Trainee: 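Here it is, the structure in full.
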Amino acid sequence: KVNIMVSFLLSNTWLLDHSRVFFSVYCSSWLLYLCVSQCSAKNLKNISELFYYAQKAVLHPTGPLYCPEEKEMKPSCIKSLTRIFKVSDLDNDGILNDKELNFFQRTCFNMPLAPQALEDVKNVVRKNMTDGVEDNGLTLKGFLFLHTFGCDDDLELHQEYLFPLLKIPADCTTELNHNAYLFLQSVFDKHDKDRDCALSPEEVKDLFKVFPYMPWGPDVNNTVCTNDQGWITYQGYLSQWTLTTYLDVQRCLEYLGYLGYSIICEQESQAAAITVTRNKRIDLQKKQTQRSVFRCNILGARGSGKTSFLQAFLGRNLLRKIREDHKSFYSINTTYVYGQEKYLLLHEVMPDFDFLSEEDLACDVVCLVYDVNNPRSFEYCAKVYKQYFMDSKTPCMMIASKSDLHEARQHYSLTPLDFCRKNKLHPPQPWTCNTVDAPNKDLYTKLTTMAMYPHAKLRCMCTCNRCTFCICQNILRSQLLTNIKAKFYSVANSVFLYSNKINGYPNQGPWACARLVIQPCLKYSKIRSI
Ligand SMILES: Nc1ncnc2c1ncn2[C@@H]1O[C@H](COP(=O)(O)OP(=O)(O)OP(=O)(O)O)[C@@H](O)[C@H]1O
């Protein structure tokens, strides 16, 4: 834009010699002119000045920043500089200390300031205003006095910066990588001023001050974990970022852009924060996955308990009511599968049977929820299963919700248990959130395990009490066996201690000692092997 203006100025400077009228009309229609200077190529009048101003117009355009008539910075410039100040203020104390000033300097000009130069800058501010320097650092006022970051001529962050190119092939998902979580952790620490591991409404507001709009609505508090006061916890905060990255990666890139991710982490763009996972079909072929976020869609008839199931994942029981306009159709939290931390994202699907979209059906595991107390609710699950999931590879789990209430006979040709047996599904899992404490989370771990290993038959979930597996499990869990195990341990332990004490079994561990104890027992009981 400025380049064009300069070329016009050059040509019109020539015109000036010939037509003053034309130039004055031209200039009055151009609001951002820098200077008007008479010059002549013929007489070499003011030629160096002309090039000086032309260069200045291109390199340091002041038009979008400063209003010469009012002699003050424009509001958009102040807003933009305030954002830069907040991004650079790494400890969020409202003052740019020497380290933060140098971070800013390095980001803008690729080199830090010498200690003396830093002092000179502060002295300039001190001389011009009283509250520009505090605790030997620059306040926002002082910074505004000095002034400029990734902005275009309109002082808006440009689209290429906010939305760097990121290719996501079909059947792949998007997750935040380790460095991105570290960055977000530092942003959280910066704004959790009272160090209570949760963000109060004021702290959330402060965190998003560098955004042009508030990205989180009240529904976020019903999507992720909160503390007793209803404030988003550290875990909840990371979960919300994980959710945004999974559902809308472009938005995540934009948000990271506002927070200055690429500048602070010295990355080419926010795209460096994202891991695009391997195609799901390859995961299925290889029977293993590197993914950390799994999606579970919850389907069920109206009133069957879907929302309660989502909320229970955040540790909330039936007592916690939510406002209809604050309701969220998602909830996300962490679970542990074989010692690995994974995110499980639950999505409540609207029960309108005829409008199930591809998105409603695409997930890693499906939950079909029916209300044990409502004789009409199982029919919906059976219908959905038969129409959409019977022939798909997506694992399904039947949830018998409100299991604390009386179990009504379902108006369907098969009982839920027989239906599951016939379709080789796990038996319906009884579940309720009508509890005194936080509802049980085992079911969510099972769902994550099914999502991670869709091909594996999770026999441990079988509760039929009839198959060999259930009988073995019952024996293993029986009180008698538990007592024998405990006795065995205490004997082994005391022998070990005793051997150490009298040095009777030199260099022998507790297991070796235990063998010495158990062998005679086995002989006597005629059991040859364990
Ligand atoms: N164990 C329970 N005992 C009694 N009432 C329950 C129990 N669990 C949930 N409810 C109640 O059942 C009602 C329906 O539950 P919920 O809103 O979770 O179902 P939903 O499937 O999400 O409904 P909708 O399809 O209308 O969104 C709620 O009023 C809830 O408080």
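Keep in mind the model is a prediction, meaning the values are calculated, not measured. Along the sequence shown, residues are numbered consecutively beginning with 1. Atoms within a ligand are numbered from 1 in the order they appear, just like the ligands themselves. For the numbers below, each heavy atom of this structure counts, side chains included, while hydrogens, waters and symmetry mates do not.
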Trainee: Which heavy atom of the protein is the closest neighbour of atom 22 (O) of ligand 1, given with residue, atom name and distance?
Mentor: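 Checked against all protein heavy atoms, atom 22 (O) of ligand 1 sits closest to T307 OG1, 2.6 Å.
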Trainee: Is it the side chain, the backbone, both or neither of L405 that has a heavy atom closer than 4.0 Å to ligand 1?
Mentor: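 It is the side chain that touches ligand 1; the backbone stays farther off.
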Trainee: If you measure every N or O of P351 against every N or O of ligand 1, does any of those distances drop under 3.5 Å?
Mentor: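 No - when backbone and side-chain N and O of P351 are compared with those of ligand 1, no distance drops under 3.5 Å.
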Trainee: Does this structure show an ion pair linking D206 with K86, if we count only N-O contacts that are shorter than 4.0 Å?
Mentor: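 K86 and D206: salt-bridged.
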Trainee: NZ of K141: more than 12 outside heavy atoms within 6.0 angstrom?
Mentor: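 No, the 6.0 Å shell around NZ holds no more than 12 heavy atoms from other groups.
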Trainee: Hey, which atoms in ligand 1 end up nearer than 4.0 Å to a heavy atom of E348?
Mentor: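 Near E348, the atoms of ligand 1 are 22 (O), 27 (O).
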Trainee: Just which atoms of ligand 1 are under 4.0 Å from any heavy atom in S308?
Mentor: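 Listed by number with element, the hits are 9 (C), 15 (O), 16 (P), 18 (O).
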Trainee: I'd like to know if R281 pairs up with D171 as an ion pair, taking the criterion as any Lys NZ or Arg NE/NH1/NH2 lying under 4.0 Å from an Asp or Glu carboxylate oxygen.
Mentor: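 Salt bridge present between R281 and D171.
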Trainee: Measure the shortest side-chain to side-chain distance between R295 and L344 over non-hydrogen atoms and say whether it is less than 4.5 angstrom.
Mentor: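 Side chain of R295 against side chain of L344, heavy atoms only: no contact under 4.5 Å found.
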Trainee: Quick one: nearest non-hydrogen protein atom to atom 31 (O) of ligand 1, plus distance?
Mentor: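 Among all protein heavy atoms, the one nearest atom 31 (O) of ligand 1 is L318 CD1, 3.4 Å.
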Trainee: So which heavy atom in the protein is nearest atom 12 (O) of ligand 1, and how far is it from that ligand atom?
Mentor: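 Residue, atom and distance for the closest contact: K402 NZ, 2.9 Å.
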Trainee: Under 4.0 Å from a heavy atom of T432: give me the atoms of ligand 1 that qualify, with their elements.
Mentor: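 Within the 4.0 Å cut-off of T432, ligand 1 contributes 1 (N).
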Trainee: With a 4.0 Å cut-off on N to O distance, would you call E348 and K327 a salt bridge?
Mentor: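 Yes, E348 and K327 are salt-bridged.
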Trainee: Do the two ring centres, one from Y261 and one from Y255, sit under 6.0 Å apart?
Mentor: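 For Y261 and Y255, the ring centres are not under 6.0 Å apart.
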Trainee: For ligand 1 and R302, I'd like to know whether there is a polar contact (N/O to N/O, distance under 3.5 Å).
Mentor: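 For ligand 1, there is no N or O atom that lies under 3.5 Å from one belonging to R302.
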Trainee: For atom 1 (N) of ligand 1, what's the nearest protein heavy atom and its distance?
Mentor: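 Minimum-distance protein heavy atom for atom 1 (N) of ligand 1 reads D404 OD1, 2.9 Å.
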Trainee: Strictly inside 4.0 angstrom of atom 28 (C) of ligand 1, do you find any protein heavy atom?
Mentor: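 False for atom 28 (C) of ligand 1.
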Trainee: Note the single closest protein heavy atom to atom 19 (O) of ligand 1, along with its residue, its atom name and the distance in Å.
Mentor: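 Heavy-atom neighbour on the protein nearest atom 19 (O) of ligand 1: G305 N, 3.0 Å.
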Trainee: Only heavy atoms of K327, strictly under 4.0 Å: list the atoms of ligand 1 that pass.
Mentor: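 By the 4.0 Å cutoff, the relevant atoms are 27 (O).
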Trainee: Just one of V365, T289, L345, L447 clears the side-chain contact (heavy atoms from CB on, under 4.5 Å) bar with F294, so which one?
Mentor: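 Only one option passes, and that is T289.
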Trainee: Is it true that, when you exclude E266 itself, more than 12 heavy atoms of the residues, nucleotides or ligands shown sit nearer than 6.0 Å to its CD?
Mentor: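 No, because the 6.0 Å sphere around CD of E266 holds 12 heavy atoms or fewer from other groups.
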Trainee: Step through it carefully: locate the ring centre of F378, locate the ring centre of F419, and say whether they are under 6.0 Å apart.
Mentor: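 Aromatic pair counts; centres sit under 6.0 Å.
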Trainee: Quick one: look up the protein heavy atom nearest atom 20 (P) of ligand 1 and list residue, atom name and how far away it is.
Mentor: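 For atom 20 (P) of ligand 1, the nearest protein heavy atom comes out as K306 N, 3.5 Å.
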Trainee: Using distance alone, decide if ligand 1 has a nitrogen or oxygen within less than 3.5 Å of any nitrogen or oxygen in C433.
Mentor: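 Such a contact does not occur with ligand 1.
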Trainee: Do R291 and D364 meet the salt-bridge criterion of a basic N to acidic O distance under 4.0 Å?
Mentor: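 A salt bridge is present here (some side-chain N lies under 4.0 Å from a carboxylate O).
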Trainee: In the protein, what heavy atom is nearest to atom 24 (P) of ligand 1, and what distance, to one decimal place, separates them?
Mentor: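 That would be G303 N, 3.6 Å.
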